[in-house]
Amino acid sequence: MIELFYHPTPNGRKISILLEELELKYKLTKIDITKNEQFSENFSKISPLNKIPVIIDNKEIVFESGAILIYLAKKNNFRFYNQKYEININEWLMVQVSFVGPMLGQLHFFYKFNKGKSEYAENRFLDLAKKIYEYLDIQLSKNKYLACNEYTIADIATFPWLCRHEWHGIGIKKYKNLSRWYEEISKRPAVIKGYDPENLGEKIPMVS
Ligand SMILES: N[C@@H](CCC(=O)N[C@@H](CS)C(=O)NCC(=O)O)C(=O)O
């Protein structure tokens, strides 16, 4: 059985959502990053950068969320990773791991959790977040989903970051294509389950 080392953050949720979509059985092992458990000796052995998520599948250890999504999709007959659209899926997956996640992550640190510490950083990451909303909205005016007209691991990677839209205060509703995509994905039963795999009662924030 697959073991997922997890904390309820966007990066953790990408993997629990894909595992639910693939209807795979998995064991959830919580690594509480608010208690620095990611730096424990045991976890360091499987996570060289001391970050969640990580999976162990039999003896195979995979870290980095993008690599985990590709590994799981490939192992399951390329579900959500249709090879016809491989280049587009890889592009939008890389956009998420290199840009959407890191920039929104910094916005959370400066704008949500440390307001007033650096006006420059707050403005910089808020401007970048608005750009991200715009870029995604434009892309979603061309296709139903980010990479193509099929729901793929690029959507699964990006969606949990947009679930923090209330923290950004930008107003996702204004972005018609982005909010259409968000609402549709948030209704998927596997996404609802994978958003809260610990059954803590956490709900996906609605469009506002
Ligand atoms: N590039 C990594 C980022 C993973 C990441 O930043 N994980 C965060 C939680 S969302 C973490 O473990 N942070 C703990 C730390 O940095 O000490 C991925 O996509 O998997």
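Each ligand, and each atom within it, is numbered from 1 in the order the structure gives. Keep in mind that what you see is a predicted model, and the values were worked out from it rather than measured.
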Could you verify whether a donor N or O on one side chain and an acceptor N or O on the other, from Asp32 and Tyr6, lie under 3.5 Å apart? no

NZ of Lys193 to CD of Glu21, rounded to nearest 0.5 Å, is 11.5 Å

Taking the six-membered ring for Trp, are Tyr151 and Phe80 ring centroids under 6.0 Å apart?
-> yes

min-distance protein heavy atom vs atom 13 (N) of ligand 1 -> Ile33 CD1, 4.0 Å

Self-check item: Close side-chain approach of His168 to Tyr133, heavy-atom, < 4.5 Å
Solution: yes

Among non-hydrogen protein atoms, atom 3 (C) of ligand 1 lies closest to Asn11 ND2, 3.7 Å

Residue, atom and distance of the protein heavy atom nearest atom 16 (O) of ligand 1 read Lys51 NZ, 2.6 Å

| query | Does any non-hydrogen side-chain atom of Glu184 lie less than 4.5 Å from one of Lys144? | reply | yes

If we number the atoms of ligand 1 from 1 as shown, the ones under 4.0 Å from a heavy atom of Ser65 are 18 (C), 19 (O), 20 (O)

**Asked** Are Glu64 and ligand 1 in contact, using a heavy-atom cut-off of under 4.0 Å?
**Response** yes

Fill in: Any Phe63 heavy atom less than 4.0 Å to ligand 1
no

For atom 8 (C) of ligand 1, the closest protein heavy atom turns out to be Ile52 O, 3.9 Å

*asked:* Between Arg13 and Asp196, does any side-chain N to carboxylate O distance fall below 4.0 Å?
replied: no

The closest protein heavy-atom partner of atom 14 (C) of ligand 1 is Gln38 NE2, 3.4 Å

Per-atom filter on ligand 1: closer than 4.0 angstrom to a heavy atom of Pro53 are 20 (O)

Can an N or O of Thr9 be found at a distance shorter than 3.5 Å from an N or O of ligand 1? no

How far apart are the C-alpha atoms of Phe125 and His108, what are their side-chain angles, what is the distance that settles it, and do they pass the ring-ring contact (aromatic ring centres under 6.0 Å, His included) test?
-> CA-CA 9 Å; Phe125 293 112; His108 299 165; over 10 Å; no

